[in-house]
Engineer: 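I'd like to ask you about the structure that follows.
Just so we're on the same page: letters track the sequence lines, and every chain starts at 1. Heavy-atom basis, side chains included; hydrogens, waters and symmetry copies ignored.
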Amino acid sequence: MMRLFLVESPTKAKTIQKYLGKDWKVLASMGHIKDLPEDELGVDLKTLEPRYVFVRGKRKVWDQIKRTAQKCESIYIGTDPDREGEAIAYFLWNLLKPLGKKLYRVRFYEVSKEAITLSVQKPEDSPNMNLVRAQMARRVLDRLIGYLLSPKLWVYLKNNRLSVGRVQSPALRLIVERERQIRQFKKKKFYYIKAVFEKNGHTFHLIWDYRFEKPENAKPYLEKLKSVPFEVERVVRGKVKKEPPKPFHTANLQAVASQKLGVGVDKVQKLAQKLYEEGFITYPRTDSLRMDEKKAQEFMNYIKKTLGEEYVGTLRKFKEKPTSQGAHECIRPVSLDRSPTGGVEEKLFTLIMKRTLASLASPALLEKTDVVVVPLCEPRMEFKGQWQRILFDGWLRIEEEELDLQEPPPLSEGEILLPKKVTLEERRTEPPPRYTEATLVKTLEKLGIGRPSTYAQIVKTLKDRGYVTEEKGVLKPTPLGEQVLDFLEKYYPRLVDYKFTAYMEEELDSVEEGKDWKTAVRYLFRAVAPEEELPSSTS
DNA sequence: CAGTGAGCGAGCTTCCGCTTGACTT
């Protein structure tokens, strides 16, 4: 008699099928099977009880699973061990229960033969209901906010296609707020004095770190400095370690790759998905920085073989963010033996490979030199400069990161110098830069807004709604986007308050520890929309 | 009798997050 094993993704199913062999049938749910209905609220406002229906097109998937299940003696549900995966497991469990077969929930944290076999040997008797309820809490709160508050906006701005949401609205605020900072920003010119020296054919300059508002103010100093010798007061050399970068996860990869390859984050995600499906890289939607120990060892051996022992670093453990769900590994090559050839795909793979290897390589060692030179006159003006050079390149050798490095000037303390020239430099203060898709995604991740599978989607939603435009990769709010934010700041300020959204996360997370999910949702929704009528629980 | 306006109801729209492949632009 066969046994059935269920996972979320077909690619994973194929791999696991190979590990488990012929006595098993491995099928994929393709994500969520059941969800709230699309065309109505789907939540009872009195009881907060959600009404779940088949996701469009998933009835077929379920039929296939059911047919197979009937032929099997037992069923193992191996969806991802995170909040969403647990919810998928729960719905599968409820659908399968009537079949009267033996049901198990299994968890594994990497797709390897050992991990799968072990999980099957130690199955659990039910889904983790705290995790399931935590997912429901988020789902229902997001639905209430989205479907009850968006219509307010339709009335207010007379446009039935507008939307607000727990994720998109704070993202909109980031972009609008930055635009307002830029608009208010007054560019200010300022001036500073630069002294150029030459020694042994080595030309270098030092700067007096004092800002003049008007060039006239600098004049007396400039005059004085023209004919004055300088004394080298300090030459301080120190060694600085430059640690290797962390490996990639989704947010990181989108930010770095879209910048380096000059493509949008959605394109990066599509390419990564393709590399994943072709077996070149690990799962591309992850918030984990974890790396399989054996794989890391293999990569380090490769570094040793190609660059030498001294380039081998360590496998570091990174503190997982509280939002991290830990179901996957970082994004890394599956193997160094196979790589795609040609096109942007190869470039993306190379980027991932280099970052992966670099993360396991040894730190670079830099020599930092601080120089202070003082003119022999009053008042005391400290001219400073800083140089860095590489003593040992370490991981830099792999990533080939461009560093602005120059040889320090050959100076020793007490030495007297005559400047070649002393000039007044003009600069202006610059406003903060607008967000690009890449920097927005990074900021969202930092604020804990959104999930790896939706980062690219968030930007698209804001564009689709006409809230922001993108020109030359730069995001700007439209007048409509600004109106929407005005509306939110006026009527639902907490929805666009980063501190409150962080607090919301905390409250929702407490459901995972066993707090009643409906209480949390009711409380949070009331906090966001106090005017909104949400009847108290009657029970 | 033709044209107007109020009132009503139906239909469409909206969230976030998980996953591909079958569609269209």
Side-chain angles (χ1 to χ4, degrees), chain A residues 6-14 27-43 50 52 55-58 60-62 64-65 79-92 131-132 134-172 250 269-270 273-274 276-278 283-287 323 325 327-328 444 448-458 460-462 464-467 484 492 495 501 504-505 508 521 524-525 528-529:
Chain A
L6 297 172
V7 292
E8 289 172 46
S9 109
T11 329
K12 232 182 196 176
K14 262 187 217 162
L27 290 178
S29 75
M30 313 264 228
H32 281 289
I33 292 274
K34 284 204 165 189
D35 189 15
L36 297 174
E38 267 182 77
D39 53 0
E40 54 166 313
L41 186 64
V43 177
Y52 287 100
V55 174
R56 193 186 315 189
K58 289 298 168 62
K60 275 187 183 172
V61 178
W62 161 239
Q64 167 75 21
I65 291 174
T79 49
D80 290 349
D82 58 17
R83 215 162 32 221
E84 298 296 325
E86 205 64 27
I88 296 171
Y90 167 77
F91 286 112
L92 285 170
L131 270 184
V132 173
Q135 195 271 349
M136 281 187 178
R138 285 182 130 78
R139 186 67 191 93
V140 169
L141 180 64
D142 287 345
R143 175 53 69 95
L144 293 178
I145 290 173
Y147 275 37
L148 293 179
L149 304 190
S150 293
K152 308 283 175 193
L153 198 53
W154 303 346
V155 176
Y156 189 81
L157 292 178
K158 298 180 181 49
N159 180 342
N160 283 26
R161 305 188 59 118
L162 307 181
S163 61
V164 303
R166 175 178 59 86
V167 166
Q168 61 171 275
S169 295
L172 175 65
T250 305
Q269 205 48 41
K270 275 198 180 130
Q273 176 68 19
K274 206 167 166 217
Y276 164 67
E277 283 167 16
E278 290 164 351
Y283 195 70
R285 289 181 289 273
T286 174
D287 50 9
T323 52
Q325 293 287 305
H328 303 287
L444 291 173
I449 298 171
R451 305 279 314 131
S453 66
T454 57
Y455 292 138
Q457 188 60 38
I458 294 166
K460 192 173 173 294
T461 300
L462 294 177
D464 285 350
R465 298 273 171 277
Y467 295 171
V484 171
Y492 304 108
L495 194 53
T501 49
M504 212 155 25
E505 292 288 331
L508 287 169
V521 169
L524 286 173
F525 186 71
V528 170

Engineer: Side chain of A/Arg139, heavy atoms from C-beta onward: which of B/dT20, B/dC18, B/dC16 has the nearest atom to it?
Structural biologist: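 When the side chain of A/Arg139 is considered, B/dC16 is the closest of B/dT20, B/dC18, B/dC16.
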
Engineer: With respect to the side chain of A/Ser150, which nucleotide from B/dT20, B/dC15, B/dC16 is positioned closest?
Structural biologist: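 In terms of side-chain proximity for A/Ser150, the closest of B/dT20, B/dC15, B/dC16 is B/dC15.
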
Engineer: For A/Asp82 and B/dC16, give me the distance from atom CG to atom C1', rounded to whole Å.
Structural biologist: 14 Å

Engineer: Donor-acceptor pair under 3.5 Å: do we get one between A/Arg166's side chain and the base of B/dC15?
Structural biologist: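 Absent.
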
Engineer: Please classify the nucleic acid contact of A/Thr79 as base, sugar-phosphate, or nothing, using heavy-atom distances under 4.0 Å.
Structural biologist: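 A/Thr79: no heavy atom of the nucleic acid under 4.0 Å.
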
Engineer: Under 4.0 angstrom, heavy atoms only, what part of the nucleic acid is A/Gly450 near: base, sugar-phosphate, or nothing?
Structural biologist: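 Counting heavy atoms under 4.0 Å across all strands, the contact made by A/Gly450 is with sugar-phosphate only.
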
Engineer: Can you check whether A/Glu86's main-chain N or O pairs, donor with acceptor, with A/Gln135's side chain at less than 3.5 Å?
Structural biologist: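 Checking the backbone N and O of A/Glu86 against the side chain of A/Gln135, no donor-acceptor pair under 3.5 Å is found.
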
Engineer: Evaluate the side-chain proximity of A/Arg451 to A/Val167: yes if any heavy-atom separation is below 4.5 Å, no if none is.
Structural biologist: no

Engineer: Tell me: NZ of A/Lys60 to P of B/dG21, nearest whole Å?
Structural biologist: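 Spelled out: NZ on A/Lys60 to P on B/dG21 is 14 Å.
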
Engineer: Mind checking A/Leu162 for me? I need base, sugar-phosphate or nothing, with any heavy atom below 4.0 Å counting as a touch.
Structural biologist: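 Contact class for A/Leu162: sugar-phosphate only.
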
Engineer: Of the nucleotides B/dC16, B/dC18, B/dT19, which one has an atom closest to the side chain of A/Pro10?
Structural biologist: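 Selected nucleotide (nearest to the side chain): B/dT19.
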
Engineer: Classify the nucleic acid contact of A/Gln168 as base, sugar-phosphate or nothing, counting any heavy atom under 4.0 Å across all strands shown.
Structural biologist: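 Answer is sugar-phosphate: A/Gln168 comes under 4.0 Å of backbone atoms only.
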
Engineer: Within this structure, what is the CD1-to-C1' distance between A/Ile33 and B/dG17, rounded to whole angstrom?
Structural biologist: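 Checked: the CD1 to C1' distance equals 15 Å.
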
Engineer: Under 4.0 Å, heavy atoms only, any strand: does A/Gln273 hit a base, just the sugar-phosphate, or nothing?
Structural biologist: sugar-phosphate

